[in-house]
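Just so you know, these numbers come straight off a predicted model, no measurement behind them. Hydrogens, waters and symmetry mates are skipped; everything else that's a heavy atom, side chains included, is used.
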Amino acid sequence: MPRILIVEDEKSLARFIELELQYEGFDTQVVTDGREGLTLALNEEWDLLLLDLMLPNLNGIEICRRVRASKDTPIIMLTARDSVIDRISGLDSGADDYLAKPFEIGELLARIRSLFRRINRNDESEKNNQLSFRDLFIDQDAYIVTRAGNIIQLTKREYELLIIFMKNINRVLTREMLLDLVWGYESIVETNVVDVYVRYLRNKLDPDSSSRYIETVRGIGYVMRQ
């Protein structure tokens, strides 16, 4: 039974989410304090963290950063703040998804199911050191990328960028995240270089522009979305 930790200080909402998740067969625990939530997140094993942004004693962004520094537990941020900068902060801190309040419980459940499916697919494919998305296929052992069986020639940076996207299907990646993951934290490259390389990659993956593999999320970054 998957275990979900709900870190939410709005008690009525936390209880509602808890009951709905339990009805769906999840094992849940609710905490309303940020520091207590961090302690539980770090000291116990969870299949998912539902993490509010604004919490007493320690905010959700800081909790997310500290958890991500030592664990890869999936995290969905829940917050009443829906500005672009808040979404960027949540994603930059390591969250896998972001859901603004108020939300329908059906959407939350759908996002949880989607996240678990993606994790399961990634785990299985990474055992074979292979990645796939639609008709794209990467054999990381052979360093080969194919689309519908046809080999696509990519530069080292384009290949690394594609790997990041295909390991994070449905996860919006900011330009800063892509810059760090592909070029490195010490890089002096500007974030607009990311836009240039995404364009290069798109031109090779979508030469006829009939299908778009990499979507632009205005004001945030890019995503490969199923």
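- Panel note: side chain Lys71, backbone Ala41; a donor-acceptor pair is recorded below 3.5 Å.
- No side-chain heavy atom of Gln153 sits less than 4.5 Å from a side-chain heavy atom of Lys204.
- Salt bridge Asp96/Arg111: absent, no basic N to carboxylate O contact under 4.0 Å.
- Judged by distance alone, the side chain of Asn168 and the main-chain N or O of Arg171 form no donor-acceptor pair under 3.5 Å.
- Considering CD1 of Ile112 and CD of Glu20, their distance stands at 10.5 Å, rounded to 0.5 Å.
- Contact of the Glu8 side chain with the Lys101 side chain is registered, since non-hydrogen atoms from C-beta on lie closer than 4.5 Å.
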* To do: Just do the side chain to side chain contact (heavy atoms under 4.5 Å, CB included) check on Leu162 and Leu205 with the steps written out, would you?
  => CA-CA 10 Å; Leu162 182 59; Leu205 299 181; 4.0 Å; yes
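- Arg225 places no side-chain N or O within donor-acceptor distance of the main-chain N or O of Tyr213, the cut-off being under 3.5 Å.
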- Stepwise, does the side chain to side chain contact (heavy atoms under 4.5 Å, CB included) test hold for Glu18 with Gln22? CA-CA 6 Å; Glu18 180 182 38; Gln22 288 176 350; 3.5 Å; yes
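- Put simply, the side chain of Arg202 never gets that close to the backbone of Arg212: no donor and acceptor are under 3.5 Å apart.
- Linking ILVMFWY residues whenever their side-chain heavy atoms come closer than 4.5 Å, directly or via other members, leaves Phe137 and Tyr159 in distinct clusters.
- The shortest non-hydrogen separation linking Ala95 to Met77 is CB-CG, 3.3 Å.
- Cluster membership for Ile76 and Ile105, using ILVMFWY side-chain heavy atoms within less than 4.5 angstrom, is shared.
- Between the side chains of Tyr200 and Arg157, no donor-acceptor pair of N or O atoms lies under 3.5 Å.
- What you find for Leu42 and Ser70 is that their closest heavy atoms are CD2-OG, 3.6 Å.
- Side-chain atoms of Asp52 never come within 3.5 Å of backbone atoms of Leu55 as a donor-acceptor pair (strictly under, hydrogens ignored).
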Does the pair Thr79 and Tyr98 meet the rule for a side chain to side chain contact (heavy atoms under 4.5 Å, CB included), with working shown?
CA-CA 8 Å; Thr79 176; Tyr98 187 106; 2.9 Å; yes
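- Looking at heavy atoms from C-beta onward, Phe16 lies out of side-chain contact with Leu21 at the 4.5 angstrom threshold.
- Ring pair Phe26/Phe116 is tilted by interplanar angle, where 30° to 60° counts as tilted.
- Across Val193, Thr216, Leu161, a single residue satisfies side-chain contact (heavy atoms from CB on, under 4.5 Å) together with Val198, and that is Leu161.
- Val223 has its side chain out of reach of Phe165: every pair of non-hydrogen atoms, C-beta onward, lies at least 4.5 Å apart.
- Side-chain contact between Leu131 and Gln140 is present, with heavy atoms from C-beta onward closer than 4.5 Å.
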Q. Under the side chain to side chain contact (heavy atoms under 4.5 Å, CB included) criterion, do Thr28 and Ile6 qualify, and how do the steps go?
A. CA-CA 7 Å; Thr28 65; Ile6 304 165; 4.3 Å; yes
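- Thr155 has its side chain within reach of Glu158: a pair of non-hydrogen atoms, C-beta onward, lies under 4.5 Å apart.
- Under a hydrophobic-cluster definition in which Ile, Leu, Val, Met, Phe, Trp and Tyr are linked whenever side-chain heavy atoms come within less than 4.5 Å, directly or via other members, Phe103 and Ile4 are assigned to the same cluster.
- Atom OH of Tyr143 has more than 12 heavy atoms from other residues, nucleotides or ligands within 6.0 Å.
- For the pair Trp46 (side chain) and Leu40 (backbone), a donor-acceptor distance under 3.5 Å is present.
- Note on Val196 and Ile164: same hydrophobic cluster, where clusters join Ile, Leu, Val, Met, Phe, Trp and Tyr whose side-chain heavy atoms are under 4.5 Å apart, directly or indirectly.
- Rounded to the nearest 0.5 Å, atoms CG (Asp97) and OG (Ser114) are 7.5 Å apart.
- In this structure, the separation between CG on Asp47 and CG on Leu115 is 10.5 Å, given to the nearest 0.5 Å.
- Arg3 contributes a side-chain N or O that, together with a main-chain N or O of Glu45, makes up a donor-acceptor pair within less than 3.5 Å.
- Taking CD of Glu215 as the start and CG of Asn170 as the end, the distance is 9.0 Å to the nearest 0.5 Å.
- Of the inter-residue distances, the one linking Leu181 atom CG with Glu176 atom CD reads 11.5 Å to the nearest 0.5 angstrom.
- Looking only at side-chain heavy atoms (C-beta outward), Thr32 and Glu10 stay at 4.5 Å or farther from each other.
- Residue Arg35 comes nearest to Asp33 through the heavy atom pair N-OD2, 3.0 Å, listed as atom of the first residue, atom of the second, then distance.
- Other residues, nucleotides and ligands place no more than 12 heavy atoms under 6.0 Å from the CG atom of Asp72.
- A donor-acceptor contact shorter than 3.5 Å links the side chain of Asn43 to the backbone of Thr39.
- Linking ILVMFWY side-chain heavy atoms closer than 4.5 Å, directly or via other members, places Ile144 and Leu201 in two distinct hydrophobic clusters.
- To the nearest 0.5 angstrom, Leu178 atom CG is 12.0 Å from Glu160 atom CD.
- Between the side chain of Glu107 and the backbone N or O of Glu104 there is no donor-acceptor pair closer than 3.5 Å.
- By the 4.5 Å heavy-atom criterion applied to side chains, Leu136 and Thr146 are not counted as neighbours.
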